[in-house]
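Contents: one structure, followed by commentary.
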Amino acid sequence: MKLKISKIVLLCSIFVLLFLISLNVEDTRLFWSFFFPLFIVWEYTDWSVNNTNKVASRFRHISGLPLMIFIAITFVMELIFSPSSLQNQMIVLCFGIFLHITIYYLILLPLLPLFRRYLYASTCATLWMFPSFLYVNYYLQMERPLIIIPASPIFIHGIFWIWLVGFLLFFGFQICSHIFFRHQVLKYATPISDSAILEIWNTELERAETKPPFPEIIRSTAISSPLSIGLWKKKICVVLPNQHYTTQELTLIFRHELTHISREDGWSKFFFAFCTSICWFNPLMWIAMKKSAEDMELCCDETVLLDVDEPTRKHYAELILNTAETERGFTTCLSASAATMRYRLKSIMQPTQKYSAPLLVGIIVLVLYLTCGYVTLAYSGKTGKDVLLPSQHEELYTLQECYIWENQHKIPKTVLNEAALQTYLSSLTMEELIGHYHFEQSEARFVLCYESDSHTIIISLFDDFAEVATLPPDKEIIQYHISDDIDWDLLNQLTTPS
């Protein structure tokens with residue numbers, strides 16, 4: 001029940017966030033940055049109930065499916081309403097998160113043995129997935145960047161197309177690999193009609209409180225280890241290899257796979273593959289995808305072995321040791337890779353006291369969200385004449401208003417020499433920022449308003465940034481970094497308080 005409520009709460013919050021973004025509501029990033037850690041903390045609480053009949057109620061991690069839906073919806077919205085900014089949005093998604101992911105994983109990798117020793121595997125699996133949730137931040141208004149890397153438009157466009165080809169190839173390969181593997185498994189599969197096996201299966205379905213439609217169990221000669229395959233609930237199959245299993249082994253196998261199915265690990269792997277393909281050029285993402293899959297299996301082991309005796313643990317360890325299969329696509333497999341076999345068997349046979357650490361998890365998420373977005377790319381090679389003034393149709397625009405902000409108060413000013421003002425602004429070196437950043441208008445030190453018959457252009461100058469807003473019919477805002485030091489004394493000499 002709590003898992004369903006969690007999904008509803010998360011989906012509702014995402015749609016609220018989309019609504020706020022569509023209305024250009026400020027501080028949407030602040031809303032999400034504090035809501036999501038609180039949601040995570042709530043997810044990891046109430047673990048004291050020791051109810052083995054509800055495999056979905058313990059040792060689970062956060063599913064990335066709602067966030068993938070969010071990214072897909074915002075991608076479609078960008079494609080429909082603002083296709084020209086889609087390329088910039090994708091560059092922000094890839095480059096903006098690259099540095100954050102790299103630093104985070106470089107810290108997490110050496111700490112992983114410590115975390116695996118004292119934290120539940122579900123917590124560890126979620127720690128690997130957190131940076132992928134940061135993609136949501138880059139659809140929101142971020143704080144002003146601290147590090148700006150200028151690059152030529154040709155270079156940025158070239159990088160974009162290289163990234164796009166890589167994304168399509170890697171993600172396409174992941175999907176095709178899954179489809180091909182599923183086809184191979186089902187091609188050599190036959191339904192299981194053995195009444196003894198079906199009785200064990202039905203018992204485990206009842207124990208796990210699984211609701212229709214129930215997964216199908218089949219036997220296939222194309223595999224050597226039990227696994228579950230499929231993403232959609234109506235299409236999920238639990239597949240057994242063509243070999244004999246005892247009653248106890250079948251019970252453990254079914255319990256393991258139903259745990260995966262109840263926690264939707266197939267979708268989690270799909271989401272992680274999607275995020276890894278977005279950042280395919282970062283080798284740490286591929287390591288994280290592998291480590292997260294390992295922790296998902298460890299999480300299942302913890303759930304299956306909850307409150308079991310020592311002989312059952314030994315039998316389960318032997319079962320894993322005697323199976324060998326490499327995971328492909330978005331399947332969940334009972335067997336372990338050679339690299340993780342030793343650690344997995346040790347966890348099974350020598351269990352230790354572990355913690356979910358919801359507060360630690362919440363703090364990590366909060367720090368991640370509040371520290372991202374401070375490094376960005378910018379289009380170089382522009383001047384104020386290109387971007388600040390309506391130079392192409394200068395005769396159509398008239399300067400209607402000029403003002404400054406002091407102590408949160410708007411002070412109107414009169415321009416004494418408009419030609420000299422335009423000459424100075426035209427000489428400034430500008431770099432167009434890639435992304436959406438939050439600038440308080442009350443912090444603007446100099447504002448100019450130009451009007452024509454159909455448009456209004458508002459130019460706001462900050463300490464080292466500029467914001468150009470064009471309205472109506474649609475409010476288009478472009479932000480720039482000013483490379484030169486603005487001569488505020490000169491601007492004050494060219495204007496006087498009204």
Kindly write out the residues that satisfy side-chain contact (heavy atoms from CB on, under 4.5 Å) with Glu418, not counting sequence neighbours, or none if the list is empty. Leu399, Val415, Gln422, Tyr450
Passing candidate, ring-ring contact (aromatic ring centres under 6.0 Å, His included) with Trp286, options Phe281, Phe170, Phe272: Phe170
Starting at OG of Ser483, measure out to CD of Glu431 and round the result to the nearest 0.5 Å. 3.5 Å
Nearest heavy-atom pair of Ile477 and Ala469: which atoms, and what distance? CG1-CB, 4.0 Å
Asp265 side-chain N/O to Ser268 backbone N/O, donor-acceptor pair under 3.5 Å: no
Tell me, with the steps shown, if Thr495 and Lys413 meet side chain to side chain donor-acceptor pair (under 3.5 Å). CA-CA 6 Å; Thr495 59; Lys413 302 197 75 175; 3.0 Å; yes
Of all heavy-atom pairs between Tyr379 and Pro153, which one has the smallest distance, and what is that distance? CD2-CA, 3.8 Å
Counterpart residues, side chain to side chain donor-acceptor pair (under 3.5 Å), relative to Ser452 (two or more places apart): none
For Glu432, all residues meeting salt bridge (charged side-chain N to carboxylate O under 4.0 Å, His left out), sequence neighbours excluded: Lys382
Could you check whether Trp267 and Phe271 have their ring centres less than 6.0 Å apart? no
Could you tell me if the side chain of Cys402 sits less than 4.5 Å from the side chain of Phe446, heavy atoms only? yes
Of all residues at least two apart in sequence or in a different chain, which pass the side chain to side chain donor-acceptor pair (under 3.5 Å) check with Lys410? Glu401
Does the pair Asp295 and Trp128 meet the rule for a side chain to side chain contact (heavy atoms under 4.5 Å, CB included), with working shown? CA-CA 9 Å; Asp295 285 320; Trp128 289 109; 3.1 Å; yes
With sequence neighbours excluded, tell me which residues meet side-chain contact (heavy atoms from CB on, under 4.5 Å) with Leu164. Phe160, Trp161, Leu168
Contact between Thr456 and Ile458 at the side-chain level, heavy atoms closer than 4.5 Å - yes or no? yes
May I ask you to test the Ile404-Val447 pair for a side-chain heavy-atom distance under 4.5 Å? no
Kindly write out the residues that satisfy side-chain contact (heavy atoms from CB on, under 4.5 Å) with Asp463, not counting sequence neighbours, or none if the list is empty. Arg445
So which pairs with a foot in residues 152-164 pass salt bridge (Lys or Arg N to Asp or Glu O under 4.0 Å), sequence neighbours left out? none
Just to verify, what does Ala151 make a side-chain contact (heavy atoms from CB on, under 4.5 Å) with, not counting sequence neighbours? Phe155, Ile156
Aromatic rings Phe171 and Phe274: how do their planes relate, parallel, tilted or perpendicular, breaks at 30° and 60°? perpendicular
Can you tell me how far the CD atom of Glu297 sits from the SG atom of Cys300, to the nearest 0.5 Å? 6.0 Å
Phe462: partners by ring-ring contact (aromatic ring centres under 6.0 Å, His included), with sequence neighbours left out: Phe439
For the atom pair OG1 (Thr276) and CD1 (Ile287), what is the distance rounded to the nearest 0.5 Å? 11.0 Å
Can you name the closest pair of heavy atoms from Ile148 and Phe465 and give their distance? CD1-CE2, 3.7 Å
Between Lys269 and Glu264, is there a salt bridge with N-O shorter than 4.0 Å? no
Quick check: do Leu448 and Leu425 have side-chain heavy atoms less than 4.5 Å from each other? yes
Shortest non-hydrogen contact from Lys233 toward Pro213: CE-O, 3.8 Å
If I compare all heavy atoms of Tyr424 with all of Asp485, which pair ends up nearest, and what's the gap? OH-O, 4.0 Å
Can you name the residues that form a side chain to side chain donor-acceptor pair (under 3.5 Å) with Thr429, not counting sequence neighbours? Asp484
Hits for salt bridge (charged side-chain N to carboxylate O under 4.0 Å, His left out) against Asp464, two or more places apart or cross-chain, chain-then-number order -> none
Looking at side-chain heavy atoms only, is the closest gap between Ile411 and Trp405 below 4.5 Å? no
Test log, rule side chain to side chain donor-acceptor pair (under 3.5 Å), inputs Glu294 and Ser292: CA-CA 5 Å; Glu294 293 174 359; Ser292 180; over 6 Å; no
Test side chain to side chain contact (heavy atoms under 4.5 Å, CB included) on Phe181 and Leu227 and set out the steps. CA-CA 12 Å; Phe181 181 64; Leu227 55 84; 4.1 Å; yes
Inter-residue atom distance Leu494.CG - Thr423.OG1, 0.5 Å rounding: 9.5 Å
Would you say His260's side chain and Ser228's backbone share a donor-acceptor pair under 3.5 angstrom? no
Show your working on side chain to side chain contact (heavy atoms under 4.5 Å, CB included) between Leu491 and Leu461 and close with a plain yes or no. CA-CA 11 Å; Leu491 292 178; Leu461 299 181; 4.2 Å; yes
Taking the side chain as everything from C-beta on, heavy atoms only, tell me whether Leu421 gets closer than 4.5 Å to Leu490. no
For Val468 and Tyr480, work out which heavy atoms get closest and say how close. CG2-CE1, 3.8 Å
Partners passing side chain to side chain donor-acceptor pair (under 3.5 Å) against Thr102 (at least two apart in sequence or in another chain): Asn282
Does a sphere of radius 6.0 Å around CG in Leu146 hold more than 12 heavy atoms from other residues, nucleotides or ligands, not counting ones at 6.0 Å or beyond? yes
Side-chain heavy-atom pair Leu284, Leu106 within 4.5 angstrom cut-off: yes
Atom NZ of residue position Lys235 - does it have more than 12 heavy atoms of other residues, nucleotides or ligands inside 6.0 Å? no
Inter-residue atom distance Lys291.NZ - Leu109.CG, 0.5 Å rounding: 7.0 Å
Short side-chain to backbone donor-acceptor contact, Glu302 and Tyr120, under 3.5 Å: no
For side chain to side chain contact (heavy atoms under 4.5 Å, CB included), just list the numbers for Ile236 and Ile229, CA-CA rounded to whole Å, side-chain angles, deciding distance to a tenth of an Å, and then say yes or no. CA-CA 6 Å; Ile236 295 178; Ile229 190 169; over 6 Å; no
Residue pair Ser427 / Thr383, side-chain heavy-atom distance below 4.5 Å: no
Measuring from atom CH2 of Trp280 to atom CH2 of Trp163, what distance do you get when rounded to the nearest 0.5 angstrom? 10.0 Å
